[in-house]
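Below is one structure; the comments refer to it alone.
Lettering of chains follows the sequences in order, A, B, ..., and the numbering in each one begins at 1. Basis for what follows: all heavy atoms, side chains included, without hydrogens, waters or symmetry-related copies. Model, not experiment: these values are computed from the prediction.
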Amino acid sequence: MILQMETCTIPPNGQNLAIVWFRQDLRLHDNPALHAAAAAGPVLPVYILDDDNAGEWKMGGASRWWLHHSLSRLNEALHGQLLVLRGDCRSKLARLCERLPVRQVCWNRCYEPWHRRQDERVAKELGDAGIETCIADGSLLLPPWRSGRRDGSPYAVFKPFHDNLARLLSSGEALASEAPPRRLLVVEQPLAGNSQPLERIEALALKPRIPWDAGLEQHWTPGETAAHEQLAAFFDQRVDDYRLDRDSLGAEAVSKLSPYLHFGEISPRRIWLEASERPASDGTKAFLRQLAWREFSHHLLWHFPHMSDQDLRPTLANFPWRDDAASLRRWQQGTTGIPLVDAGMRELWRTGTMHNRARMVTASLLSKNLLIHWLAGARWFWDCLVDADLANNSFGWQWVAGCGADAAPYFRIFNPVLQSRKFDPQGNYLRRWLPELRGLPDRHVHAPWEASPGELRTAGVRLDENYPAPIIDLRASRERALAAWQALRRNRA
DNA sequence: TGAAATGTTGGGGCG
DNA sequence: ACGCCCCAACATTTC
């Protein structure tokens with residue numbers, strides 16, 4: 001906890017000005033880079049939006065919306081002194097160092113491949129210019145190279161990874177928290193010139209031009225304060241039921257912390273420590289296990305940087321993926337005619353998130369039943385999710401598609417009707433997102449095409465008029481997917 | 001963090 | 001009383 005925040009003017013040449021370069025660590029608490037910088041003297045907080053270096057994985061629309069609000073909250077917490085720039089991070093930071101008496105630049109590592117390249121280039125350039133750099137690890141429980149085996153090799157299966165992680169963390173040393181600074185001295189906007197910081201955040205144009213973000217506004221409050229409130233509410237009200245209810249689509253049982261974690265508005269370490277202080281329970285354990293999955297996917301992305309674009313296990317070389325723009329479009333819009341899939345996709349579009357169970361089922365329909373490449377689905381999620389995270393997203397899609405580490409076997413194909421009956425027996429989730437199906441009785445709301453004409457009429461459902469007929473026959477497409485996989489295996493053998 | 005097919009068991013109706 | 005069939009419920013195997 002920072003006890004005291006003050007602002008000051010730029011120190012004269014020769015003094016200890018440190019830049020804190022914020023990226024996916026938009027918080028003041030438990031932020032190692034910030035703490036390191038603050039310990040040495042006055043701090044200049046900087047955020048730089050760098051779209052051009054992100055390649056294929058430039059931030060998506062929902063993420064940009066979140067970032068806009070998150071930067072605004074961070075700027076407020078910094079008494080309006082956050083310097084916001086856009087462009088190439090290396091040249092922007094170098095230029096700041098030329099113009100101001102900067103001794104040191106501090107940042108927390110990001111683990112995406114393009115961020116790693118960026119880190120290297122920035123560190124080299126600053127080093128060549130005689131500027132100190134301080135690179136910390138604050139976005140994971142353990143840096144990915146420390147969560148591997150003793151010999152440094154990565155884990156490819158979750159169970160042993162999780163056992164090892166739990167062992168390392170329980171030793172305590174890994175999570176020992178450094179003493180946070182008692183005082184944060186922030187320099188007043190050095191380059192203010194003609195515009196105020198808030199105007200600069202607006203100038204990043206992160207909010208959508210067409211205002212489709214009403215649902216996001218309704219469902220989310222970005223920012224560090226909200227993150228802490230969300231965590232407290234989860235621990236107070238929901239964690240005890242988490243193990244049993246986390247798969248239930250209709251219940252509000254999950255933590256909803258993923259976007260805060262992605263943008264670093266709360267640190268996983270803080271979550272782990274707070275959970276550890278509570279009496280051990282099944283709910284807490286199940287929750288921390290999910291945090292370990294996040295850790296695992298980052299571990300894999302670090303060791304296999306191509307994971308975001310290529311099959312982790314090249315089992316699918318020459319797989320007959322279908323190029324089917326019309327079906328992809330219906331999947332994206334939530335008009336497949338398969339209720340659980342449509343409910344999930346509409347929740348995604350409207351709120352920027354989707355229940356994890358629904359993510360697995362919608363992903364399975366696209367990659368297995370429709371035989372559309374998992375990358376097409378991953379890209380759509382990337383654009384729509386407020387918690388879009390390269391490691392988690394790529395890992396999840398590969399897991400479902402059956403080409404990832406610890407992957408679901410190829411023959412594990414979700415049946416969206418059975419999943420719906422099992423995890424949303426009363427149809428609460430379906431009816432929330434598919435008002436046109438509200439009149440159907442529980443036994444038919446999961447599969448309206450099985451209802452009799454009379455039942456459909458009573459419910460006011462007209463297939464292919466106010467709700468689509470199913471995009472595909474579930475049984476036949478399951479057989480087709482199995483056959484395609486088996487052909488692949490035969491050719492291989 | 002599957003689903004579907006196939007196998008097994010045991011109770012009840014019935015001749 | 002007994003064998004037979006049916007079938008639900010559960011377990012196992014296969015994809």
Side-chain angles (χ1 to χ4, degrees), chain A residues 155-163 165 241-251 253-255 258 282-283 285-297 299-300 312-313 315-316 319-320 338-341 344 353-371 374 377-378 381 387 389 391-425 429 446-447 450 470 472-493:
Chain A
Y155 287 97
V157 177
F158 178 71
K159 177 67 165 61
F161 173 86
H162 185 215
D163 292 347
L165 179 71
D241 300 320
Y242 182 79
R243 194 180 71 83
L244 294 177
D245 289 351
R246 55 174 292 269
D247 265 325
S248 159
L249 289 157
V254 299
S255 74
S258 53
D282 288 352
K285 274 202 306 212
F287 176 59
L288 291 182
R289 187 182 165 84
Q290 294 307 305
L291 209 55
W293 277 103
R294 173 181 185 271
E295 204 75 7
F296 185 44
S297 67
H299 175 77
L300 288 171
L312 210 44
R313 295 190 308 189
T315 48
L316 296 192
F319 190 76
I338 297 162
L340 179 50
V341 173
T353 189
M354 198 199 297
H355 194 287
N356 182 250
R357 176 63 47 180
R359 294 190 199 199
M360 294 191 284
V361 174
T362 55
S364 172
L365 187 92
L366 188 79
S367 60
K368 299 274 170 78
N369 299 87
L370 293 174
L371 291 181
W374 62 268
F381 274 28
D387 65 21
D389 180 278
N392 290 338
N393 195 44
S394 312
F395 176 84
W397 274 95
Q398 292 219 31
W399 184 88
V400 172
C403 55
D406 207 4
Y410 73 91
F411 46 79
R412 196 176 280 171
I413 299 173
F414 288 79
N415 178 328
V417 176
L418 295 185
Q419 290 281 312
S420 191
R421 293 206 168 106
K422 186 168 178 187
F423 296 108
D424 187 32
Y429 181 72
H446 309 282
E450 288 176 357
I472 199 162
D473 180 90
L474 292 175
R475 171 187 285 262
S477 55
R478 171 193 160 81
E479 296 303 323
R480 179 176 67 172
L482 287 173
W485 276 89
Q486 270 165 343
L488 212 60
R489 278 153 55 96
R490 267 199 303 280
N491 290 344
R492 196 166 278 280

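The aromatic rings of A/F381 and A/W397 lie perpendicular to each other, with more than 60° between the two planes, well past the 30° mark. A/F296 and A/H299 have parallel rings, their planes meeting at less than 30° on a 0 to 90° scale where 60° marks the start of perpendicular.
Legend: residues meeting side-chain contact (heavy atoms from CB on, under 4.5 Å) with A/P160, ordered by chain and number and at least two apart, are A/Y155, A/V157. Shown here are the side-chain contact (heavy atoms from CB on, under 4.5 Å) partners of A/D387, two or more places apart in sequence or in another chain: A/S258, A/P259, A/T353, A/R359, A/L385.
Within residues 402-415 of chain A, the residues that place at least one heavy atom under 4.0 Å from DNA chain B are, in residue-number order, A/F411, A/R412, A/I413, A/F414, A/N415.
Rounded to whole Å, atom C1' of B/dA3 lies 12 Å from atom CG of A/L474. The NZ atom of A/K368 sits 11 Å away from the P atom of B/dA3 (whole-angstrom rounding). In this structure, the CH2 atom of A/W485 is 13 Å from the C1' atom of C/dC15, given to the nearest Å. Between the CG atom of A/L365 and the C1' atom of B/dA3 there is a distance of 15 Å, given to the nearest Å. Distance A/L482 CG to B/dA3 P: 13 Å, rounded to the nearest Å. A straight line from CZ of A/F423 to C1' of B/dA3 spans 13 Å, rounded to a whole angstrom. Per the geometry, CZ belonging to A/R421 stands 15 Å off C1' belonging to B/dA4, to the nearest Å.
Using a 4.0 Å heavy-atom criterion, one finds that A/R475 contacts the sugar-phosphate atoms exclusively.
A/W485 has its side chain within reach of A/L316: a pair of non-hydrogen atoms, C-beta onward, lies under 4.5 Å apart. At a threshold of 4.5 Å between non-hydrogen side-chain atoms, the residues A/L365 and A/L370 count as touching.
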